[in-house]
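Report on one structure; see the data block that follows.
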2 protein chains.
Amino acid sequence: MPTPLSEKLAQALFAPRAVAIVGQSNDPGKTAGRPLKYLRQAGFAGRVYPVNTGRDTVLGERAWPSLSALPEVPEHVYIVTGTAQVVETVRECGALGVKVATVLADGFTEAGAEGLARVAALREVAQRTGLRIVGPSSLGVVDLRHKAMLTANAAFDQHPLPLGRFFAASHSGSMIGALVSRGAARGIGFAGLVSVGNEVDLSLGEICAATLDDGDIDGYVLFLESLRHADALRAFALAAAERGKPILAYKLGRSSAARELALSHTGALAGEDDIAAAFLQDCGIARVDTLDGLVEGLPLLARVPTAAHGMRQPRVGVVTTTAGGATMVVEPLAMRGIAIEPPSAETLGRLAAAGLAVTPALLIDLTLAGTRYDAMKAALGIAASAPEFDLVLAAVGSSARFHPELAVKPIIDCAGSAKPLAAYMVPDAPAALAALSEAGVPNFRTPESCADAIAAALKRRAPRVLAARVEASAFADSAKSRLLDELEAYALLDRLGITRAPAIALNASAPRPLALPFPYPVAVKALAAGMAHASDIGGVALGVRDDEGLATAIEQISASVAERAPGTGVDRVLVQPMVSGLGELLIGYGVDPDVGPIIMVAAGGLLAEIYRDRSLRLAPVDLATAHEMITEVRALAALAGYRGQPAGDLAALAQAIVALSGLATLGPTILEAEINPLIVRPAGLGVVAVDALARLVV
Amino acid sequence: MPTPLSEKLAQALFAPRAVAIVGQSNDPGKTAGRPLKYLRQAGFAGRVYPVNTGRDTVLGERAWPSLSALPEVPEHVYIVTGTAQVVETVRECGALGVKVATVLADGFTEAGAEGLARVAALREVAQRTGLRIVGPSSLGVVDLRHKAMLTANAAFDQHPLPLGRFFAASHSGSMIGALVSRGAARGIGFAGLVSVGNEVDLSLGEICAATLDDGDIDGYVLFLESLRHADALRAFALAAAERGKPILAYKLGRSSAARELALSHTGALAGEDDIAAAFLQDCGIARVDTLDGLVEGLPLLARVPTAAHGMRQPRVGVVTTTAGGATMVVEPLAMRGIAIEPPSAETLGRLAAAGLAVTPALLIDLTLAGTRYDAMKAALGIAASAPEFDLVLAAVGSSARFHPELAVKPIIDCAGSAKPLAAYMVPDAPAALAALSEAGVPNFRTPESCADAIAAALKRRAPRVLAARVEASAFADSAKSRLLDELEAYALLDRLGITRAPAIALNASAPRPLALPFPYPVAVKALAAGMAHASDIGGVALGVRDDEGLATAIEQISASVAERAPGTGVDRVLVQPMVSGLGELLIGYGVDPDVGPIIMVAAGGLLAEIYRDRSLRLAPVDLATAHEMITEVRALAALAGYRGQPAGDLAALAQAIVALSGLATLGPTILEAEINPLIVRPAGLGVVAVDALARLVV
C-alpha cells in the first residue's frame with residue numbers, strides 16, 4: 001500500500017487556498033489560456049496567480065513574472081508552459097515549498113531518452129523536496145465543490161457544471177472532458193476529476209486514495225489505458241471496498257490494436273486483456289466496455305450489493321410494456337453471461353391476483369395488460385419483492401416519450417424499492433430519463449449501456465484477499481533468472497505437493513540402468529538446464545517399449561539435439577513412465593510486470609491455443625477460486641462429465657492449481673512455472689504432471 | 001421472388017387518398033385514440049373516416065357507424081378494434097374492395113389454436129378478395145411525405161417529424177417509435193416506417209419491395225426478430241442491391257435467450273444466429289448490433305461502396321486530436337475484425353510537408369500539431385487521398401463541444417471528399433453532431449455505434465448469386481424423409497464427386513469375404529437404414545487388424561446394437577480401410593426452415609463443438625466462397641501451415657465443400673447430408689470422407 005497522502009496534500013490537490021498558473025496565456029482560445037478563464041467562470045474562491053514571463057496582464061488580470069515573485073507560496077501550481085520550461089519550473093516549485101505541481105506539457109515518458117531524462121529530473125525534485133507532481137501530460141485536476149478548475153480541457157468551458165458525488169480519474173486527458181460533458185447531459189455530476197497523465201510521481205491509485213475519506217465522494221469512475229502502477233491501484237481499490245465505495249472502470253486493451261496504441265502513445269507497457277480482467281475482478285473493480293456504460297453505470301453500481309464469491313449466478317427480472325424493446329437489453333445481457341429469470345409460479349400468481357394479464361414467459365410483459373400507471377406500478381412492486389430476482393429492469397416503450405405518466409412515473413414511485421432497479425427507455429425520451437435521474441433511479445439511454453452497466457454491477461465481487469502475496473514491484477530487481485532443468489522443476493513440484501510422474505535421470509553416454517524403477521513404456525527426454533522446449537529440437541521420445549528402444553531413443557535424442565541446438569550438451573536424459581488419463585491441460589504461474597503474480601489454467605494442445613481458452617487470476621488462489629477457474633475453461637467441460645463422458649478428478653486439479661499459485665507467497669524467487677501437460681485422471685485418481693519448467697530468480 | 005406489388009398497392013399502403021380508422025376512440029390518451037389525432041396533427045391531406053359503432057363523433061369529428069356506411073371505399077383501413085372484431089371487419093374490407101387493411105390487435109399467430117383460426121380467416125379473405133393485410137399486431141404504417149400517420153405508436157405524437165430518405169420496417173411495433181424519435185434527435189429522418197406485425201399476408205420483404213422504385217427512398221433500416229419469410233426478404237434485398245439502395249439491419253437472436261423470446265412472443269421459429277448472419281451477408285444486408293448503430297449507420301452505409309467478394313480486408317485511417325478518445329473507436333472496430341491502417345511513409349511525408357508534426361504510429365494524431373482548423377483540414381485532406389485507406393475516421397476531442405471551429409468545421413469542409421468519412425465526437429457535442437448531419441457527414445454519438453456502423457458498412461458485400469437454388473418454401477411439403485444407410489450416403493458422395501473411403505458390405509451372419517479389397521487395419525460399422533450414430537450404440541470398431549479381429553468385431557457390434565438399440569437389425573456391416581491425415585473436420589448440408597439450403601464447415605471433435613467453431617453460407621457456394629469459409633473456421637488454421645505444421649489439401653477441401661453445397665441445386669430431394677469426419681491429407685493428396693449420413697425426402 002502506498003503511503004496515504006496526508007489530508008493536507010489532498011487539500012492542496014483539490015481545495016488549494018492559493019494556486020498559480022505558470023504559462024497562463026492571454027488568449028482564452030489557446031490551451032494555455034483556458035485555466036484562468038475556467039477558474040474565474042466557475043467562481044473559484046481561492047487566490048489565483050497567473051504567471052507569464054512576457055506580459056504584465058493576462059485576460060485582464062495582473063500577471064506575475066515568476067513563482068518567486070508571488071506574495072505567497074501557492075499550494076498547487078498548474079504548469080501550462082511548453083515542455084522546455086517544465087523542469088526549471090518544477091525545480092522552482094520544489095525550492096519554494098509548493099505542495100503539488102500539475103504539468104500539462106508532453107515530451108516526457110513517451111519522448112525517448114530526452115524525455116526520460118526530464119522524467120528523472122522531475123522525480124529528483126519530488127524525492128528531494130516533497131513536492132508531489134501530477135502528470136506530465138495532465139489536462140488537469142478539477143474539484144467542482146471548490147470550483148478549482150485547474151484544467152485546460154475545453155469541455156470545462158461551461159458553468160455551472162452539475163456537482164455530483166463521484167470522482168473520476170483518467171489516463172486520457174480528453175476523457176475527463178467526455179465524462180463531465182456526457183455526464184452533464186445525463187444528469188450525472190462529479191465531485192472532482194483528474195487527468196493523471198504520465199504518472200511520473202503521483203499515480204492514479206494514489207490520487208484516488210487521497211479522496212477515500214472524503215465524505216462527499218461515494219464512488220469512482222476510472223478510464224484506464226494500461227495497468228501501470230497496479231500495486232497502488234489495487235491498494236486504493238481494497239481501501240475503497242472497505243469503505244463501501246464502488247469503482248467502475250473502462251479499460252482499453254481488449255484488442256491487440258488498442259494495446260499497441262496504449263504502448264505507442266503513452267510509453268506504457270500493456271498486457272493481455274484477460275490479465276487485466278482478472279486483476280480488476282480480483283480488486284473488486286467493476287468493468288464496463290461501453291462509454292455510455294461508464295457514464296451511466298455508477299448510479300446503478302452504487303445500489304447493487306457486492307456479490308460474495310461463490311454466490312449463485314445473479315438473476316434479472318424484466319418488467320416491460322414492449323417485449324421487442326426489452327429484448328434489445330436481454331440480448332447484450334446474455335452476451336455478457338447474465339441470465340434473465342422468468343417470474344416464478346408464485347410471482348405469476350401475485351400478478352394475476354393483482355388483475356394483470358401476463359403470459360408465463362421470460363419477461364413480465366404488460367402488452368396485454370396495457371400501458372397503464374396502475375399496471376406498471378403493481379407489476380414493479382411484485383417484481384421488486386420476488387425472491388427470484390436480484391435486480392429488476394423496467395423497459396418502457398414509446399409512451400415514455402410523451403406520456404411518462406403511464407409507465408415512467410410508476411418506476412419513479414418505486415425508487416425506494418429495496419431491490420436494485422434499472423430503467424431503459426426504448427424511444428428517445430430525454431425528459432423521462434431526466435426525471436428518473438432526478439428521482440435517483442439508475443437509467444440508461446441505450447440497451448447496450450443498460451446491459452453493460454447491469455452486467456458490470458452484478459458481476460462485481462468483493463476484492464479477493466491475497467495474504468502474503470509478493471507484489472510486482474518486488475520483482476523489479478530480478479533481471480537475472482535461470483531456467484531449471486526438468487528434474488529441478490519436478491523437485492519444485494514436490495515441494496508444492498503436486499503429483500508428478502516418477503522420473504530418473506540416466507547418463508546419456510553410459511545409459512544402462514540396473515533396472516528401471518517403473519515398467520515400460522516410458523518417455524525419454526533430453527535433460528539440460530536452460531532448455532525450455534525439448535520436443536522442438538527432437539529431444540523427446542514417447543512410448544519407448546523396451547531396453548533396446550531406450551538405448552536407441554537416447555542415441556537419437558543426443559544426435560538430434562546436437563544437430564538442432566548446437567552447444568546444448570545432453571549429458572543426461574530423463575526417463576519417466578507413460579501416463580494416460582481422461583485429458584490434459586496446462587497450468588502456469590507467472591509474474592506480470594504490471595499486476596504481479598498470476599496463475600493460469602488453460603486447455604492443452606494446439607486448438608486450445610487457437611481458441612485462447614484459459615482462465616486467469618491473481619495468485620495465490622484458494623480452492624473455491626480454483627474451481628471457478630476450472631469452470632471458466634470451456635474445454636474442461638469435457639472433463640466434468642459432459643455428454644456422458646467419464647468425469648475427471650477436478651478436485652485434485654483444483655488442489656494442484658492452488659498449490660502452484662502458492663509460489664506467489666514464497667517471495668520474489670520464481671518468475672514462472674508451467675506444467676504442460678498436467679494429466680487429469682478419472683475422479684478419485686488425481687492429476688499427474690508429466691512435464692514442467694520453472695524459472696528461478698538468481 | 002414474390003409478385004411485386006403494383007404501384008397501385010404501394011399507393012394504397014403509403015399514399016392513400018382516403019383512409020378509415022375502424023375502432024377509433026374518442027380518448028386520445030388511449031391507443032385506439034391516437035391514429036386520428038396523429039393524422040390531423042400532421043395535416044394528412046386525404047380523406048379520413050373514423051368508424052366507431054358507439055358514437056356519432058370522435059375527437060370532435062363525425063364518426064361513422066360502419067365501413068359500409070361510408071360515402072366511398074377507403075383505400076387503406078387501419079383496424080384498431082379489439083381482437084374479437086377484427087375478422088368481421090377484415091371481411092367487410094374484402095367485400096367492399098378495400099385495397100389494404102392494417103390490423104393493430106394481437107391474438108393471432110401467438111394465441112394458440114383460436115389465434116391460428118383467426119389467421120386462417122384473414123388469409124381466406126385476402127386470397128378470395130385481393131385485399132392485402134398488414135399485421136395483425138401492427139402498430140401501423142407511416143408515410144411522412146404524405147403525412148399518412150396510420151399508427152398507434154405513441155412516439156409519433158410529434159409534429160413536425162423530420163422527413164428523410166430512408167424507409168424503416170420492423171417486426172417490433174415499439175421499434176418504429178424508437179427509430180423515428182432517436183433518428184429525430186440525431187437529425188436523421190425517414191420517408192416512411194412500417195410495423196409489420198405477424199405478417200399473416202404481407203411480409204416485411206414484400207412491403208419493402210413495394211417501395212423499391214420510389215425515387216424518394218435511398219435506403220432501408222430493418223429491425224428483425226426472426227428470418228421468417230426469408231425468401232421474400234432475400235428477393236427484396238437482391239432487387240434493392242440492383243438499384244444501389246443499401247439495407248442496414250439489426251437482428252435479434254445473437255443469444256439463445258433472445259431466440260427463445262422471439263419464439264415466445266411472436267410465435268415465430270428462430271434459428272441459430274450464425275445462420276442468420278450468413279443469410280444477411282449473402283443477401284448483401286449490412287448488420288449492426290447496437291441500437292445507435294442502426295439509427296446512425298445508414299448515412300454512412302449509403303456512402304460506402306459495396307465490397308466485391310474476395311476483396312482485400314478493408315482498412316480505416318484515423319485522424320484525431322485525441323489518441324485516447326480515438327482508441328475507444330479503434331477497440332470496438334478491432335473486436336469486429338476491422339483493422340486500422342497506419343499512414344504510409346508517403347502519407348507521413350505529405351503530412352510533414354504540410355508542416356504537421358505527426359509521429360509515425362497507427363493513428364494520425366494531431367496532439368503535437370495542436371487542435372487547429374488548418375492542421376485538421378490539411379490532415380483530413382491528405383488522409384482522404386491516401387490510397388491505403390478505404391474510409392477515414394475523424395475523432396475530435398473536447399474542443400468539439402464549444403469550439404467546433406477548430407476541428408469540426410474542417411470535417412464539414414471535407415464533406416465532399418471522394419472517400420467515405422465518418423466523425424466521432426469524444427465529448428457530448430450535440431451542436432457539432434447536428435452541424436455534421438446537416439452537412440451530410442456521417443457522425444456518431446458513441447464510439448461503439450461508430451465502430452458498429454463502420455464495420456457493418458465495410459463488411460457488407462454484394463449479394464451472392466445463387467443460381468438454380470431451391471428455396472426453403474420448396475421443402476414445405478417435405479414432411480416425410482428417410483435416413484440413408486452409409487453405403488447409400490457414400491453413393492450420394494460418389495455422384496457429387498467427393499472422394500470417400502473404399503468400403504464393402506459384409507453379411508453379418510456369414511461375414512467371411514473371399515478377400516478384402518484393401519489391406520488391414522480396417523474400420524467396421526453396423527449398416528442399417530435409419531441409424532444415425534452407430535458409435536453411440538457400440539456399432540463401430542476401429543483399427544481391426546486381421547481376419548480374426550474382423551470376425552470378433554462383427555460379433556461384438558451385432559451384440560451391442562441388439563442390446564442398446566433393440567429392433568435395429570444389423571444384417572450387414574460396412575468395412576473400410578483406416579484412413580489417416582493431418583486433421584479431420586465436418587462438412588454439412590442442411591435445409592433451414594427459414595433460409596433454406598445452407599452449407600457448413602466445422603472443426604471436428606468434441607472441443608470444436610464446445611467452441612462452436614464453424615462457418616456457414618447459403619448453399620450453393622463457389623470455390624472462392626468455400627475458401628473464405630475455410631479461413632473462418634479457426635481450428636483449420638492448424639491445417640494451413642500454422643506454426644510450421646505441414647499444410648493440408650485445402651484446395652481439395654474447398655472442392656468438397658462446393659460439391660456438397662451443390663445439393664441445393666438438385667431440387668427438394670435431400671434434407672441433410674453430413675460428412676463427419678472428412679479427413680484432410682497433405683497438400684496434393686486430397687480429402688477423404690470416412691463417414692457420411694444423408695436424409696432423403698420421400
Side-chain angles (χ1 to χ4, degrees), chain A residues 29 106 153-155 157-158 171-175 177-178 181-182 184-185 225 252 254-258 260-261 264-265 290-292 322-325 327-328 330-331 334-335 339-340 361-363 365 367 397-399 401-403 426-428 446-448 606-607 610-611 613 634-635 637-638, chain B residues 29 106 153-155 157-158 171-175 177-178 181-182 184-185 225 252 254-258 260-261 264-265 290-292 322-325 327-328 330-331 334-335 339-340 361-363 365 367 397-399 401-403 426-428 446-448 606-607 610-611 613 634-635 637-638:
Chain A
D106 50 26
N153 184 305
D157 193 359
Q158 179 176 2
H171 281 147
S172 156
S174 69
M175 292 313 297
S181 62
R182 288 171 178 264
E225 290 178 346
L252 283 176
R254 285 180 296 142
S255 66
S256 58
E260 282 162 30
L261 278 170
S264 64
H265 95 271
T290 65
L291 175 53
D292 278 347
T322 161
T327 306
M328 293 194 82
V330 172
E331 181 107 316
M335 305 300 278
I340 303 298
L362 200 53
L363 311 180
D365 180 1
T367 303
S398 294
S399 73
R401 185 160 171 80
F402 299 114
H403 300 285
V426 177
D428 183 58
T446 70
E448 294 82 21
L606 181 63
L607 285 189
I610 289 174
Y611 296 122
D613 187 10
R634 288 168 294 161
Chain B
D106 51 26
N153 184 307
D157 193 359
Q158 179 177 1
H171 282 147
S172 156
S174 69
M175 292 314 297
S181 61
R182 288 171 179 264
E225 290 178 347
L252 282 176
R254 283 179 298 143
S255 66
S256 58
E260 281 162 30
L261 278 170
S264 64
H265 95 272
T290 65
L291 176 52
D292 278 347
T322 161
T327 307
M328 293 194 83
V330 172
E331 180 107 315
M335 306 299 278
I340 302 298
L362 200 53
L363 311 180
D365 180 1
T367 301
S398 294
S399 73
R401 186 162 170 80
F402 298 115
H403 300 285
V426 177
D428 184 58
T446 70
E448 294 81 20
L606 181 62
L607 285 188
I610 289 174
Y611 297 122
D613 187 11
R634 287 169 293 161

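Below, chain A is the first sequence line, B the second, and so on; all start at residue 1.
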Which value, rounded to the nearest 0.5 Å, describes the distance between A:R634 atom CZ and B:Y611 atom OH? 5.5 Å

Inter-residue atom distance A:E225.CD - B:T327.OG1, 0.5 Å rounding: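 Spacing of CD (A:E225) from OG1 (B:T327) equals 6.5 Å.
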
Are the side chain of A:S181 and the backbone N or O of B:D428 linked by a donor-acceptor pair below 3.5 Å? yes

Winner by heavy-atom pair count (cut-off under 4.5 Å) against chain B, out of [options]:
| options | answer |
| --- | --- |
| A:P447, A:S398, A:A185 | A:S398 |
| A:M175, A:M328, A:M335 | A:M328 |
| A:T446, A:T322, A:T290 | A:T290 |

Do the side chains of A:N153 and B:R401 get nearer than 4.5 Å, heavy atoms only?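 A side-chain contact under 4.5 Å is absent here.
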
Do B:H403 and A:D157 come close enough that some side-chain heavy atom pair is under 4.5 Å?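 The answer is yes; the side chains approach within 4.5 Å.
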
Kindly indicate, with the supporting measurements, whether the criterion side-chain contact (heavy atoms from CB on, under 4.5 Å) is fulfilled by A:T367 and B:D106. CA-CA 9 Å; A:T367 303; B:D106 51 26; 4.0 Å; yes

Minimum heavy-atom separation for A:S174 to B:G325, with atom names? OG-N, 3.8 Å

